[in-house]
Amino acid sequence: MTGRVKIKEALAQGKPGQELLLKGWVRSVRSSKGVTFIVLNDGSNLSGIQVVAEPDLPDYEEFSRVGTGSALAISGVLQESPGAGQALEIKAGGFEIVGAADESYPMQKKRHSFEYLRTIAHLRLRSNTFGAVFRLRSALAQEVHRFFAERGFVYVHTPIITANDCEGAGELFRVTTLDPVRPPLVNGCVDYAEDFFGSATGLTVSGQLEGELFAQAFSDIYTFGPTFRAENSNTARHAAEFWMIEPEMAFADLAADADLAEAFMKRLCRFVLDDCAEDMNFFNTQIDQELIARIEAVANAEFARMEYTEAIERLKKAPVTFQFPVEWGLDLQSEHERYLTEQVVGGPVFILNYPKEIKAFYMRQNDDGKTVAAMDLLVPKVGEIIGGSQREERLDVLTAKMEQSGIDPASLWWYLDTRRWGSTPHAGFGLGFERAIMYLTGMENIRDVIPFPRTPRHAEF
RNA sequence: UCCCGAGUAGAUCAGUCGGUAGAUCAGCGGACUGUUAAUCCGUGUGUCGUAGGUUCGAGUCCUACCUCGGGAGCCA
């Protein structure tokens with residue numbers, strides 16, 4: 001007998017007659033007088049493996065009464081299964097109850113609501129759905145790195161603690177070592193000069209600005225790390241802590257940015273279909289029956305490109321009434337985005353060149369004086385999934401935009417320095433990792449694709 | 001933060017006109033020689049979210065608060 005083997009390996013590479021040692025947790029027990037079946041799962045796959053025991057097994061009685069949730073070690077022989085539902089199973093020759101679980105184990109064999117499972121986030125990991133979600137999340141993260149590595153992108157770890165919230169994107173979580181009850185004051189305000197970093201600091205809301213600095217030295221870079229927003233938003237799509245992927249390319253314009261985003265999205269779709277097939281089939285069966293067809297369509301699609309101005313014209317001509325107004329100069333609402341991608345295009349579409357008033361200060365001013373080189377990628381069912389832009393590389397234009405936006409250029413002197421010496425046209429985009437997972441799995445709540453989600457009033461586990 | 005909905009057994013829910021608490025599943029006990037969320041028989045379970053109020057009487061009506069969910073805004 002060799003050492004412990006993962007169940008996925010045993011099923012993929014094992015041959016009938018082979019002796020195995022398996023370890024995992026009990027998902028279900030089906031017992032009758034002459035035979036007992038236990039589904040054992042060790043997290044390596046969705047299905048687990050069926051363990052068969054007959055009364056000749058030493059301590060058969062104890063085995064047949066083991067509780068759901070128990071940790072077991074099973075030694076036995078792999079054999080072809082006469083029953084339907086699985087090709088291989090293991091005939092138990094010996095077992096050890098590594099960690100017992102009694103009847104108070106909160107997870108039942110039957111289906112639970114996601115709301116209930118969130119209250120036992122430490123145990124929901126042992127369910128089919130969350131096993132599939134977090135296996136896929138792990139595999140997808142590794143694929144993100146492979147995608148960029150193959151293209152020669154440098155992976156940057158941008159700071160998590162930062163003194164700049166200049167993007168104005170969301171509220172900052174404060175980071176401080178000052179006494180919250182009696183902070184040092186100067187002129188009635190908290191004196192952050194006394195604080196740990198000598199200035200007011202918080203958790204990062206984006207690594208983009210630092211990413212741009214790296215792009216001006218390494219050409220092509222990406223960040224992939226945690227991001228924090230202290231917004232009090234209670235929706236299925238918002239979390240206070242989430243992971244974001246932000247590539248940035250020097251010597252690149254908006255078209256190159258869209259090309260990268262298209263290749264990236266298609267790659268992620270292709271990957272989960274090919275390499276997470278068992279889990280994807282589960283999602284397709286249990287969560288969203290059109291999932292695989294939709295992801296397959298995106299993987300094979302030619303992404304359309306449409307000017308914002310044209311998008312507005314199309315929406316105005318649309319034979320449907322929208323809840324929100326459609327007017328050049330206004331931002332697109334979710335209903336507009338979905339109409340464009342689902343009805344007008346029938347597939348993924350980039351909307352390009354938005355009015356400058358509704359976009360961030362760092363986006364590149366177009367020659368028309370009215371728009372900036374921004375892009376949003378819209379996909380069926382969710383709307384916007386990627387947002388990006390070509391950045392303003394001209395020092396004078398950028399400085400003026402900052403002043404118009406109420407940002408003190410002096411506070412971002414280092415950002416402006418990259419425009420001062422060796423400035424290049426450059427572009428990048430941002431993708432919320434959890435939103436990508438939601439899209440690829442059909443899961444509808446961000447709290448169910450983050451292991452231990454942080455949302456207003458929730459930092460448990 | 002705003003709007004809407006919900007909170008009853010371990011889980012998911014029903015509860016009529018205000019009259020004193022119910023189903024299914026899980027669990028537990030038993031049966032069963034190949035099951036697949038096994039099946040069959042038997043069996044128990046309650047601070048009805050919290051605090052007030054109306055009433056002879058409140059799970060049910062009223063008020064406030066708490067929590068959760070959905071939608072919106074904001075966004076990734």
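Sequence lines set the chain letters: A, B, ... in the order given, protein chains first and strands last, and positions in each chain run from 1.
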Hey, is the side chain of K109(A) poking within less than 4.0 Å of OP1 or OP2 on A37(B), counting only N and O atoms?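 The answer is no; no side-chain N or O of K109(A) sits under 4.0 Å from OP1 or OP2.
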Is the shortest side-chain N/O distance from R447(A) to OP1 or OP2 of G69(B) below 4.0 Å? yes
Pairwise [atom1] distance, [M] and [N] [rounded to whole Å]:
N: C28(B); M: G18(B); atom1: C1'; result: 37 Å
N: C61(B); M: C17(B); atom1: C1'; result: 12 Å
N: U45(B); M: A37(B); atom1: P; result: 31 Å
N: A9(B); M: A21(B); atom1: P; result: 15 Å
N: C56(B); M: U20(B); atom1: C1'; result: 13 Å
N: A51(B); M: U67(B); atom1: C1'; result: 15 Å
N: U43(B); M: A23(B); atom1: P; result: 12 Å
N: A14(B); M: G46(B); atom1: C1'; result: 15 Å

May I have the distance from I358(A) (atom CD1) to C74(B) (atom C1'), rounded to whole angstrom? 14 Å
Roughly how many Å is it from CD in E231(A) to C1' in C2(B), rounded to a whole number? 14 Å
Using atom names, set out every protein N or O paired with an N or O of nucleotides 40-46 of chain B below 3.5 Å, distance rounded to 0.1 Å.
none

Select base, sugar-phosphate, or nothing to describe what [X] touches, counting heavy atoms under 4.0 Å on all strands.
X: E384(A); answer: nothing
X: N445(A); answer: sugar-phosphate
X: S31(A); answer: base
X: A84(A); answer: base
X: T119(A); answer: nothing
X: Y105(A); answer: nothing
X: I386(A); answer: nothing
X: S28(A); answer: sugar-phosphate
X: Q50(A); answer: base
X: E89(A); answer: base

Just the dot-bracket of RNA chain B, please: which string comes out with Watson-Crick or G-U pairs under 3.5 Å, [ ] for crossing, | for another strand? (((((((..((((.....[..)))).(((((.......))))).....(((((..]....))))))))))))....
Any side-chain donor near an acceptor of the partner, [X] and [Y], under 3.5 Å:
X: T235(A); Y: H238(A); result: yes
X: R229(A); Y: T227(A); result: no
X: E212(A); Y: Y362(A); result: no
X: E246(A); Y: S206(A); result: yes

Decide yes or no on side-chain contact (heavy atoms from CB on, under 4.5 Å) for L203(A) and I160(A), but give the supporting numbers first. CA-CA 6 Å; L203(A) 298 178; I160(A) 288 171; 4.1 Å; yes
E103(A) or F37(A), whichever maps to the more 5' nucleotide of RNA chain B: E103(A)
Return whichever of L431(A) or E444(A) has its heavy-atom-nearest nucleotide of RNA chain B closer to the 5' end.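 By nearest-heavy-atom nucleotide position, the 5'-most residue is E444(A).
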Which pairs with one or both residues in residues 425-451 of chain A pass ring-ring contact (aromatic ring centres under 6.0 Å, His included), sequence neighbours excluded? F224(A)-F433(A)
Which ring-ring contact (aromatic ring centres under 6.0 Å, His included) pairs, counting each pair once, include a residue from residues 49-75 of chain A, with sequence neighbours left out? F63(A)-F95(A)
Using a cut-off of strictly less than 4.0 Å between a heavy atom of the residue and any atom of RNA chain B, enumerate the qualifying residues of residues 124-136 of chain A by number.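 Contacts with RNA chain B under 4.0 Å: none.
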Please give me every residue in residues 454-461 of chain A whose heavy atoms get under 4.0 Å of an atom in RNA chain B, ordered by residue number. R457(A), H458(A)
Could I get the full list of side chain to side chain donor-acceptor pair (under 3.5 Å) partners for D408(A), not counting sequence neighbours? none
Which nucleotide in the set U35(B), G70(B), G30(B) lies at the smallest distance from any side-chain heavy atom of R65(A)?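 Side chain of R65(A) sits closest to G30(B).
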State which of U35(B), C75(B), U1(B) makes the closest approach to the side chain of N232(A). U1(B)
Under the criterion ring pair (Phe, Tyr, Trp, His ring centres under 6.0 Å), I'd like the reasoning laid out for F148(A) against Y155(A): C-alpha separation, chi angles, the key distance, then a yes or no. CA-CA 8 Å; F148(A) 287 118; Y155(A) 176 33; 9.3 Å; no
Does F114(A) have any ring-ring contact (aromatic ring centres under 6.0 Å, His included) partners at least two apart in sequence or in another chain, and if so, which? F130(A)
Among all residues two or more places apart in sequence or in another chain, which pass the ring-ring contact (aromatic ring centres under 6.0 Å, His included) test with F173(A)? none
Does S104(A) get its side chain close enough to the base of G27(B), under 3.5 Å, for a donor-acceptor pair? no
Would you say S138(A)'s side chain and F134(A)'s backbone share a donor-acceptor pair under 3.5 angstrom? no
Any heavy-atom pair between the side chains of N353(A) and T309(A) that's under 4.5 Å?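 Side-chain contact under 4.5 Å: no.
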Does the side chain of R124(A) reach to within under 4.5 Å of the side chain of D448(A), using non-hydrogen atoms? yes
Cut-off 3.5 Å, no hydrogens considered: what does the side-chain donor-acceptor table look like for residues 5-12 of chain A, sequence neighbours left out?
unit_1 : atom_1 : unit_2 : atom_2 : d
E9(A)  : OE1    : Q13(A) : NE2    : 3.1

Considering only distance and modelled atom types, tabulate donor-acceptor pairs under 3.5 Å from the side chains of residues 79-89 of chain A, sequence neighbours left out.
unit_1 : atom_1 : unit_2 : atom_2 : d
Q79(A) : NE2    : E89(A) : OE2    : 2.8
S81(A) : OG     : G83(A) : N      : 3.3
S81(A) : OG     : Q86(A) : NE2    : 3.0
S81(A) : OG     : E89(A) : OE1    : 2.9
Q86(A) : NE2    : A84(A) : O      : 3.3
E89(A) : OE1    : Q50(A) : NE2    : 3.1

Geometric class of the F322(A)/H336(A) ring pair [parallel <30°, tilted 30-60°, perpendicular >60°]: perpendicular
The single option from I245(A), D259(A), L377(A) passing side chain to side chain contact (heavy atoms under 4.5 Å, CB included) against F264(A):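 Only one option passes, and that is I245(A).
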Polar-atom pairs under 3.5 Å, protein N or O versus N or O of nucleotides 8-15 of chain B: list them with distances, or write none.
unit_1 : atom_1 : unit_2  : atom_2 : d
G10(B) : N2     : Q108(A) : OE1    : 3.3
G10(B) : N2     : Q108(A) : NE2    : 3.0
G10(B) : N3     : Q108(A) : NE2    : 3.3
A11(B) : N3     : K110(A) : NZ     : 3.0
U12(B) : OP1    : S113(A) : OG     : 3.1

Run the numbers on L172(A) and F228(A) for side-chain contact (heavy atoms from CB on, under 4.5 Å), then give the verdict. CA-CA 7 Å; L172(A) 211 66; F228(A) 307 88; over 6 Å; no
